[in-house]
Structure formats: structure tokens, C-alpha cells
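See below for the structure under consideration.
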Number of protein chains: 2
Amino acid sequence: MRPFHHPPAGELKLESVLYALGDSTRLKIVQALNRSSELPCSAAVCGLELPKSTQHHHFRLLREAGVIFTRKSGVYIINRLRRDELDAQFPGLLDAVLAAANEAEQPTQA
Amino acid sequence: MRPFHHPPAGELKLESVLYALGDSTRLKIVQALNRSSELPCSAAVCGLELPKSTQHHHFRLLREAGVIFTRKSGVYIINRLRRDELDAQFPGLLDAVLAAANEAEQPTQA
DNA sequence: TCGATAGTTCAAGTTTTTCGAACTATTGAA
DNA sequence: TTCAATAGTTCGAAAAACTTGAACTATCGA
């Protein structure tokens, strides 16, 4: 198994981050990670019926864009948002995205 | 020539908008439109050496994601950001993106 | 009506995304 | 220590999306 590649904070690219967030599956993963701070892949995609190879692709893309940090722990691969680094490089971006994504699920607090 | 399709404000999808913004060419177009309020395609891609068919593809994608509004005026196709609608649907998103994009060009106000 | 400019359409080549099948890694029991 | 089960990974091929050149349409001014 190849080691995970995480781009250093200073090398995060805005367009890569936006691209990574610009997919409904990945957006749902990011929302799940935002709710829980740390999750194994299987839990982060909970409810999404997707082949494991496709899930893997999405996690890799998120990781290589610098959106998530990944580490191994036993049988699990644990993921978390790189919140601090994202906030430092792109102030307000993640907040705006998550707010809009949550709003889309829970329209206008009825 | 087919009529332009603009999704209504209420149907803008967060992931489509993020996807549209997640490309360096399109991000530059959006920055140019942000500086100038209205621009023909040719001016909005000023400086980017791209085939016209590729430019066309990017403008269409931005339009169909709801990021820009397009109208015809003489020989020109005039584009503008759908700022108000984007701000209403996704508060703070465009500002955060544009701020980060400008920051990337003019790093940390040296 | 012609030429020039601005953008559009189409088709083909390249790149990404998706997904099934087979694989590796770790854990908990027997 | 071996086995079965769980969690992800890798590979290869099919489907979708991006890029581009070439040929096209639309508008304007001479």
C-alpha cells in the first residue's frame, strides 16, 4: 500500500480545493467529517451507496487537494478535515461552503 | 444559434457552482468579471491564450452552473457575474473565493 | 456586398470518472 | 497460528467530460 500524499499547507491550490468540493459525493463526505471531526471512510460515506473503489477515488481526490488528512489506525483509515489550514489559506471559504451545504439539506429553517 | 440557458436563481446547485469555479481558467474569467461588472468573452479571457472553442466551453459551463449571465449585444456576447443571486443562495461564498483568488495573485500584500 | 471580428458548432483525441473483480492489511476468535 | 471477517486498495475497462482544430453563423462598417 502506497503512503498517503498530503500537500503541505502552503501549497494548497484554490482551484483544486474548489474542484474537490464541486461534487455531491465529496461534499457529503466533507459535511460528515465536519459533523464528526474524525471518521473512517466507511462511516464518512454512510448512507451513500457507492462501490468501494469509487469511494476510494473520492477520498484520494479530497486528500490530494488538501481538504482532508488521512491516517491509518488498525483496520481503519481515519479522515479529518484540514480545517485550520484551509481557514488560514482561504478564510471563510469552508464556512461558506458548509453553511450553504447544510442550508440545502435543511431549507430555510421552516 | 441556440438560445442561452440560465438556471433560475432558486435552482442553483452548490456543487455545480463549486465545480465551475474549480478550474484555473474559469476562476480567471470570474475574477475579470468581478473587476469589470460586464465584459464580452474576448475581454474576459484577455491574456489567456486559449482556442476559441475552449473558451466557449468554459463560458457555457459557467453559465449553466449559474455563475454568469450572458446576453447578446451586436457582435459581442456580454457576460456578468450573477452576484446577487449567488450571494443570496450561498452567502459569503463568492466573496471568499474571490478574496482567496486575489490573495493568490498578490500574496500577503508584501 | 465584402471583409473583418466575435463567437458557435461539430467531430475526434485525450483525460477523468466510475465500477467490478481481485487483492492486501488488520483484528478477533478458534 | 490459522481462519474468517472487515476495511480499504489496486487494476483494467467502459462511460463521461475536457480540449482542440476546422468549418460555420452573425453582426458591423466600409
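Every chain is numbered from 1 and lettered A, B, ... according to where its sequence line falls, protein lines coming before strand lines. The model shown is predicted, which means the values in this text are computed figures rather than measured ones.
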Point to revise | Hydrophobic cluster identity match, B/Ile77 and B/Leu81, side-chain contacts under 4.5 Å | key: no
Check your understanding: Can you check the A/His57 NE2 to C/dG20 C1' distance for me, whole Å?
Key -> 16 Å
Review point. Under a 4.5 Å cut-off applied to non-hydrogen side-chain atoms, are B/Glu64 and B/His6 in contact?
Key: no
Exercise for review: May I ask you to verify if any side-chain N or O of A/His56 is less than 4.0 angstrom from the OP1 or OP2 atom of D/dG8?
Suggested key: no
Point to revise | Any B/Arg2 side-chain nitrogen or oxygen under 4.0 Å from OP1 or OP2 of C/dC10 | key: yes
Practice item. Do nucleotides 25-30 of chain C as a string where each nucleotide becomes B, S or -: B if the base has a protein heavy atom under 4.0 Å, S if just the sugar-phosphate does, - if no protein is that close. Key: SBS---
For a quick test of your reading: what N or O donor-acceptor pairs under 3.5 Å do the side chains of residues 47-62 of chain A make, sequence neighbours left out?
residue : atom : partner : partner atom : Å
A/Gln55 : NE2  : A/Leu50 : O            : 2.9
A/His58 : ND1  : A/Arg26 : NH1          : 3.1

Review point. Between A/Gln55 (CD) and C/dT17 (C1'), how many Å, whole number?
Key: 15 Å
Review point. Do any N or O atoms from the side chain of B/Asn34 and from the backbone of B/Val30 form a donor-acceptor pair under 3.5 angstrom?
Key: no
Check your understanding: Do A/Arg83 and A/Asp95 sit within salt-bridge range, that is, some charged N less than 4.0 Å from a carboxylate O?
Key -> yes
Check your understanding: Please give, in whole Å, the distance from C/dT17 C1' to A/Glu64 CD?
Key -> 14 Å
Check your understanding: Is any side-chain nitrogen or oxygen of B/Tyr19 closer than 4.0 Å to OP1 or OP2 of D/dC18?
Key -> yes
Check your understanding: Is the count of non-hydrogen atoms from other residues, nucleotides or ligands lying under 6.0 Å from A/Tyr76 atom OH greater than 12?
Key -> no
Point to revise | Whole-Å gap separating C1' (C/dA6) and CZ (B/Arg71) | key: 15 Å
**Study point:** Atom pair CZ (A/Arg80) and OG1 (A/Thr70), whose distance is rounded to the nearest 0.5 Å
**Key:** 9.0 Å
Point to revise | B/Leu18 vs A/Leu27 side-chain heavy atoms within contact, under 4.5 Å | key: yes
**Study point:** Under 4.0 angstrom between B/His58 side-chain N/O and D/dT19 OP1 or OP2
**Key:** yes
Check your understanding: How many Å lie between CZ on B/Arg63 and P on C/dG7, as a whole number?
Key -> 12 Å
Review point. C/dG7 C1' sits how many Å from B/Arg60 CZ, rounded?
Key: 13 Å
Point to revise | Nucleic acid contacts of residues 20-54 of chain B, taken as heavy-atom distances under 4.0 Å to DNA chain C | key: B/Pro40, B/Cys41, B/Ser42, B/Lys52, B/Ser53
Check your understanding: Does the side chain of B/Asn79 pick up a donor-acceptor pair with the side chain of B/Glu38 at under 3.5 Å?
Key -> no
Point to revise | Atom-to-atom span, CD1 of A/Ile77 to C1' of C/dT24 - whole angstrom | key: 11 Å
